Amino acid sequence: MSKFSEKVLGIVKSVPYGKVVSYGQVALMAGIPRAAIQVGWVLHTSGHLVPWWRVINNSGRISIKHPEHTTHMQKALLEKEGVKVTKDFRIDIDNYRYRPSISEIENLSLDPQYIENLSEKYNL
DNA sequence: ATAATGACATGTT
DNA sequence: TAACATGCCATTA
């Protein structure tokens with residue numbers, strides 16, 4: 001298990017009930033800004049340990065390629081937490097996005113430039 | 001070591 | 001809004 005995987009799992013675990021994050025945001029918080037797809041890989045392989053359904057893509061959609069069940073299951077899981085998901089799997093991500101606190105960001109021991117990126121991109 | 005694969009992001013049509 | 005192209009990097013073959 002790589003450090004990247006451990007960080008990703010830790011971050012996803014810290015996403016509170018009823019909130020969501022984007023793959024890109026998780027990647028950035030893990031210290032590798034453009035590794036969004038690797039976040040997906042980690043969740044795919046080790047996702048049973050963490051609230052993977054709170055991770056969606058940055059356009060506010062559930063874009064899991066896996067046919068059938070998983071997308072519907074994710075929709076159901078999110079709705080159970082009070083997150084509105086439309087029939088075509090759209091989510092108001094700005095409204096539901098998890099914005100980590102300063103202390104949580106410091107916990108990740110990120111480079112200062114990444115912290116700046118975070119606040120710029122996601123309006124922390 | 002190289003090449004292919006992916007639960008993605010971003011910018012351009 | 002959607003579709004396409006390119007960039008990215010951990011993992012696997």
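Throughout, protein chains are lettered first and strands after them, A, B, ... in sequence-line order, and every chain is numbered starting at 1. What you see is a predicted model, and the numbers here were worked out from it, not measured in a lab.
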Residue pair A:Asp88/A:Ile32 against DNA chain C: nearer the 5' end by closest nucleotide is A:Asp88
Upstream residue (5' side of DNA chain C) when A:Ile37 and A:Ser2 are each assigned their closest nucleotide = A:Ile37
Base of B:dA7 paired with side chain of A:Tyr23 (donor-acceptor, under 3.5 Å) | yes
Using a cut-off of strictly less than 4.0 Å, decide whether [X] has a side-chain nitrogen or oxygen near OP1 or OP2 of [N].
{"X": "A:Thr45", "N": "C:dA10", "value": "no"}
{"X": "A:Arg34", "N": "C:dT6", "value": "no"}
{"X": "A:Asn58", "N": "B:dT10", "value": "yes"}
{"X": "A:Lys121", "N": "B:dT10", "value": "yes"}

Send over the distance from [X] [atom1] to [N] [atom2], rounded to a whole Å.
{"X": "A:Asn57", "N": "C:dA3", "atom1": "CG", "atom2": "P", "value": "14 Å"}
{"X": "A:Arg54", "N": "B:dA7", "atom1": "CZ", "atom2": "P", "value": "22 Å"}
{"X": "A:His44", "N": "B:dT5", "atom1": "NE2", "atom2": "P", "value": "15 Å"}
{"X": "A:Trp41", "N": "C:dA13", "atom1": "CH2", "atom2": "P", "value": "11 Å"}

More than 12 heavy atoms from other groups under 6.0 Å of CD on A:Glu104 | yes
